[in-house]
Amino acid sequence: MLDQLESNYDCANASSDLHQLKQQLDALYAAEDSSSTEQQEAINRLENQIRFIANKCDIPSAKG
């Protein structure tokens with residue numbers, strides 16, 4: 001997971017970062033204990049990071 005996303009995020013990394021974040025998100029959704037509080041917080045963080053990159057870098061296909 002990307003540790004910190006800042007306003008100066010480099011959109012040149014968006015493709016690989018989004019791919020990595022979506023893989024991590026898929027793995028969390030597939031986990032048996034996806035209803036735990038810790039797991040839900042991790043899912044929320046990943047979804048927020050994906051939305052941040054999609055909005056910052058104007059990538060409409062990643063916003064949904």
Side-chain angles (χ1 to χ4, degrees):
M1 184 180 322
L2 298 171
D3 290 332
Q4 295 290 326
L5 290 177
E6 304 287 333
S7 60
N8 63 350
Y9 175 78
D10 184 0
C11 288
N13 300 323
S15 179
S16 62
D17 288 346
L18 283 172
H19 179 72
Q20 177 185 2
L21 291 169
K22 287 181 178 183
Q23 283 186 321
Q24 292 173 8
L25 185 61
D26 288 344
L28 285 174
Y29 279 135
E32 289 184 27
D33 191 24
S34 62
S35 62
S36 76
T37 302
E38 289 177 5
Q39 201 116 5
Q40 190 58 50
E41 288 175 0
I43 288 170
N44 291 342
R45 262 192 312 277
L46 286 168
E47 289 174 341
N48 287 338
Q49 288 178 321
I50 290 167
R51 279 193 294 274
F52 173 85
I53 292 171
N55 288 328
K56 168 98 174 124
C57 302
D58 198 24
I59 304 172
S61 63
K63 294 178 185 177

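No experiment lies behind these values; they were computed from the predicted model shown. All heavy atoms count here, side chains included; hydrogens, waters and symmetry mates do not. When a residue number appears, it is its place in the shown sequence, counting from 1.
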Asp26: partners by side chain to side chain donor-acceptor pair (under 3.5 Å), with sequence neighbours left out:
none

Return the CG to SG distance between Asp58 and Cys11, rounded to the nearest 0.5 Å.
9.0 Å

Kindly write out the residues that satisfy side-chain contact (heavy atoms from CB on, under 4.5 Å) with Glu41, not counting sequence neighbours, or none if the list is empty.
Thr37, Arg45

Any idea which heavy atoms bring Ile50 and Leu25 closest together, and the distance?
CD1-CD2, 3.9 Å

Listed partners of Asn13 passing side-chain contact (heavy atoms from CB on, under 4.5 Å), at least two apart
Tyr9, Asp10, Asp17

Would you find a donor on one side and an acceptor on the other, under 3.5 Å apart, between the side chain of Lys56 and the backbone of Ser7?
yes

If you measure from CD1 on Ile53 to CG on Leu18, what distance do you get to the nearest 0.5 Å?
4.5 Å

Under the side-chain contact (heavy atoms from CB on, under 4.5 Å) test, residues paired with Asn44 that sit two or more places apart
Gln40, Glu47

